[in-house]
Amino acid sequence: MFVGSRVRTTKILYLESSKVAYKKRGCLMPAKKSRKVLVTGATGQIGSELTVELRKMYGGDNVVAVGHSRKPSDALLNSGPFESLDVGDRQSLEKVVKKYGVDTVYHLAAVLSATGEQNPQLAWNLNMGSLYNVLEIAREQKLDRVFWPSSIAAFGPTSPRANTPQETVLIPSTMYGVTKVAGELLCNYYFVKFDVDVRGLRYPGIISSEVLPGGGTTDYAVAIFYEAIKEKHYVCFVREDTVLPMMYMPDCIKATVDLMEAEPARVKRHDSYNLAGMSFSAGQLAAEIKKYIPEFRCEYEPDFRQKIADSWPMSIDDSVARRDWGWKPAYDLAAMTKDMVQRLSKRFKEGKL
Ligand code: NAD
């Protein structure tokens with residue numbers, strides 16, 4: 001009884017002092033245990049796996065998946081609510097937010113780098129228009145928290161390419177990168193001006209085994225596994241010596257959830273945090289795959305995406321994320337390759353690849 005009441009009193013004191021600290025910093029309330037979540041881009045490479053993970057955390061009914069043109073998987077449709085809408089249409093988005101009483105948005109829908117260079121007008125309109133819609137809804141509906149991913153594409157040819165720091169020159173040469181820099185500034189503005197607790201990560205290239213990526217410059221690092229297993233041969237669209245920062249999906253999801261659940265006092269940036277997993281060249285990746293599939297051959301025929309890759313960092317300094325909210329990746333090139341080959345080989349043998 002005595003111990004119980006002491007614990008309770010300590011908890012109340014802690015909560016009260018936290019509230020004061022959060023108020024002082026212009027932040028909202030401490031992390032909540034239950035959430036009503038909406039994920040845009042839920043049928044995409046990252047959204048499809050993130051949605052499943054969030055449904056495990058908060059319960060299927062509490063996580064609304066929002067898709068658009070891509071067909072949702074059965075897993076996505078059967079594990080919780082699904083809505084189809086255009087994120088450029090603010091009224092439809094707002095209607096869904098109100099319908100489900102959403103308090104937290106993960107806004108992942110976007111046009112990626114390679115598609116964005118083919119259609120820069122679409123990239124600007126969709127990426128900026130939809131982020132503006134989400135931030136305005138968050139401001140008006142007083143949402144608790146918003147997640148929006150930036151990218152290593154926010155850097156450009158004049159940024160340092162090795163161990164690229166958190167604070168540096170941001171002059172990207174792609175429209176996708178322009179939308180990421182402008183998006184970071186807009187997120188920070190909404191935090192400072194309107195107290196919208198928006199949080200972001202500069203994702204590196206994401207490697208995953210479930211859903212194929214949708215038009216990015218690092219897509220080769222996923223396609224190479226599928227082709228190595230199915231055809232024992234892959235024609236890579238960047239040079240063998242092209243080094244880019246990458247991350248395995250479990251680390252990407254962990255970083256995203258950890259940042260979103262971090263106490264407000266630990267989140268000191270509301271533009272976007274640098275985030276690193278591993279860095280390797282296309283040739284090093286092919287050599288690692290060859291350890292499991294010795295007959296695998298990789299050829300290199302660089303196309304327009306080489307120029308984009310050459311303008312991006314080779315490795316990222318994520319020490320600020322590590323210091324602020326304790327980020328630490330689990331997967332390196334060897335561990336990621338082993339897991340990818342095992343998972344995709346199993347699906348291939350089952351005739352599901
Ligand atoms: P993806 O291309 O796989 O998925 C994007 C999703 O957005 C698609 O499912 C698509 O249906 C949806 N979408 C497109 N237009 C829409 C519209 N008008 N209305 C509603 N939905 C629409 O992308 P991803 O790889 O999952 O990336 C998610 C986020 O992470 C993006 O913001 C991207 O810039 C960022 N990011 C991804 C990577 C990566 O390697 N995958 C790296 C850095 C940053």
Side-chain angles (χ1 to χ4, degrees), residues 38-53 64-73 76 82-93 96 105-119 122-134 146-155 172 174-184 187 200-223 244-249 251-253 255-256 272-278 305 308-309 312-313 316 336:
L38 180 145
V39 183
T40 73
T43 56
Q45 186 200 8
I46 300 171
S48 54
E49 293 196 49
L50 180 65
T51 304
V52 169
E53 203 52 43
V64 187
V66 170
H68 184 232
S69 42
R70 264 201 217 178
K71 196 174 167 284
S73 66
L76 206 61
F82 181 84
E83 298 276 347
S84 187
L85 59 85
D86 180 350
V87 287
D89 173 357
R90 181 159 147 201
Q91 277 185 340
S92 301
L93 197 56
V96 172
V105 174
Y106 288 76
H107 177 42
L108 303 183
V111 168
L112 273 69
S113 57
T115 311
E117 279 318 274
Q118 312 282 36
N119 193 343
L122 171 71
W124 174 265
N125 286 333
L126 178 71
N127 294 4
M128 295 314 298
S130 66
L131 176 60
Y132 179 72
N133 287 345
V134 167
V146 173
F147 176 80
W148 173 79
S150 182
S151 159
I152 52 165
F155 301 111
T174 60
M175 178 56 93
Y176 175 68
V178 169
T179 68
K180 290 304 185 187
V181 176
E184 288 189 9
C187 287
L201 295 168
R202 288 174 181 154
Y203 284 150
I206 304 300
I207 298 170
S208 65
S209 58
E210 301 307 304
V211 170
L212 284 167
T217 302
T218 53
D219 291 7
Y220 67 87
V222 177
L244 285 172
M246 302 278 182
M247 175 169 283
Y248 197 31
M249 186 63 90
D251 275 338
C252 169
I253 296 202
T256 307
S272 264
Y273 277 96
N274 272 10
L275 189 72
M278 58 190 99
R305 290 168 280 194
I308 303 177
W312 287 356
I316 299 288
M336 177 275 293

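The first residue in the sequence is number 1, and the count goes up from there. Counting starts at 1 for both ligands and their atoms, following the listed order. Computed from a predicted model, the values in this text were never measured in an experiment.
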Taking only non-hydrogen atoms of Leu126 and a 4.0 Å limit, the atoms of ligand 1 in range are 15 (N), 17 (C), 18 (N)

On a heavy-atom basis, the closest approach of Gly277 and Met247 is N-CE, 3.7 Å

Can you tell me if CZ on Phe82 sees more than 12 non-hydrogen neighbours from other groups inside 6.0 Å?
-> yes

Quick one: look up the protein heavy atom nearest atom 29 (C) of ligand 1 and list residue, atom name and how far away it is.
-> Leu108 O, 3.3 Å

Atom 43 (C) of ligand 1 touched by protein (heavy atom, under 4.0 Å) | yes

So which heavy atom in the protein is nearest atom 5 (C) of ligand 1, and how far is it from that ligand atom?
-> Ala110 O, 3.9 Å

Nearest-contact summary for atom 4 (O) of ligand 1 - protein heavy atom, Å = Gly44 CA, 3.3 Å

Mark up the atoms of ligand 1 that fall under 4.0 Å of a heavy atom belonging to Lys180, in ascending order.
-> 32 (O), 33 (C), 34 (O)

Ligand 1 contact on Ser130 by region, counting heavy-atom pairs under 4.0 Å = neither

Which residue and heavy atom of the protein sit nearest atom 13 (N) of ligand 1, plus the separation = Ala109 CB, 4.0 Å

For ligand 1, which atoms sit closer than 4.0 Å to a heavy atom of Ser150?
-> 44 (C)

Within 4.0 Å of some non-hydrogen atom of Pro204, the atoms of ligand 1 are 40 (O), 42 (C), 43 (C)

What are the two closest non-hydrogen atoms of Ala42 and Ala65, and how far apart are they?
-> CB-CB, 3.6 Å

the protein heavy atom lying closest to atom 40 (O) of ligand 1 turns out to be Ile206 N, 2.8 Å

Do any heavy atoms of Ser48 fall under 4.0 Å from ligand 1?
-> no

In short, Asn133 meets Gly88 closest at the heavy-atom pair ND2-O, 3.2 Å

Ignoring hydrogens and angles, tell me if any N or O in the side chain of Thr179 forms a donor-acceptor pair with the backbone of Tyr176 under 3.5 Å.
-> yes

Short side-chain to backbone donor-acceptor contact, Ser150 and Leu201, under 3.5 Å = no

Per-atom contacts, ligand 1 versus Asp86 - under 4.0 Å to a heavy atom = 17 (C), 18 (N), 19 (N)

Distance from atom 19 (N) of ligand 1 to nearest protein heavy atom, with residue and atom | Val87 N, 2.9 Å

A student comparing Met247, Arg70, Lys71, Gln45 should find that the heavy atom closest to atom 41 (N) of ligand 1 comes from Gln45

Kindly indicate whether the side chain of Val222, heavy atoms from C-beta on, has any atom under 4.5 Å from the side chain of Gln45.
-> yes

Heavy atom of the protein closest to atom 22 (C) of ligand 1 (residue, atom name, distance) = His68 CB, 3.6 Å

With heavy atoms of Gly41 as the reference, note each atom of ligand 1 found under 4.0 Å away.
-> 6 (C), 7 (O)

Protein heavy atom at shortest distance from atom 30 (O) of ligand 1 | Pro149 CG, 3.5 Å

Give the single entry among Thr43, Ile46, Ile152, Asp219 that approaches atom 27 (O) of ligand 1 most closely by any heavy atom.
-> Ile46

Would you kindly specify which portion of Ala42 sits under 4.0 Å from ligand 1, judged on non-hydrogen atoms: side chain, backbone, both or neither?
-> neither

Do the side chains of Val134 and Trp148 get nearer than 4.5 Å, heavy atoms only?
-> no

Give the atoms of ligand 1, by number and element, whose distance to some non-hydrogen atom of Gly205 is under 4.0 Å.
-> 40 (O)

Any side-chain donor paired with an acceptor under 3.5 Å for Tyr106 and Thr51?
-> no

Going by the side chain to side chain donor-acceptor pair (under 3.5 Å) test, which pairs reach into residues 212-221, not counting sequence neighbours?
-> Ser113-Thr217

With atoms numbered from 1 as shown, which atoms in ligand 1 lie under 4.0 angstrom from a non-hydrogen atom of Ser151?
-> 43 (C), 44 (C)

Residues two or more places apart in sequence or in another chain: which of them pass ring-ring contact (aromatic ring centres under 6.0 Å, His included) with Tyr248?
-> Tyr331

Minimum heavy-atom distance between Gly44 and Arg70, given as atom pair plus value = CA-NH1, 3.6 Å

Which is closest to atom 20 (C) of ligand 1 in terms of heavy atoms, Leu85, Leu93, Leu50?
-> Leu85

Report yes or no: does Lys180 contribute a side-chain atom to a donor-acceptor pair with the main-chain N or O of Pro149 at less than 3.5 Å?
-> yes

Would you say Pro213 and Leu112 make side-chain contact, with heavy atoms under 4.5 Å?
-> no

Quick look: Tyr176 vs ligand 1, heavy-atom contacts under 4.0 Å, and the answer is side chain

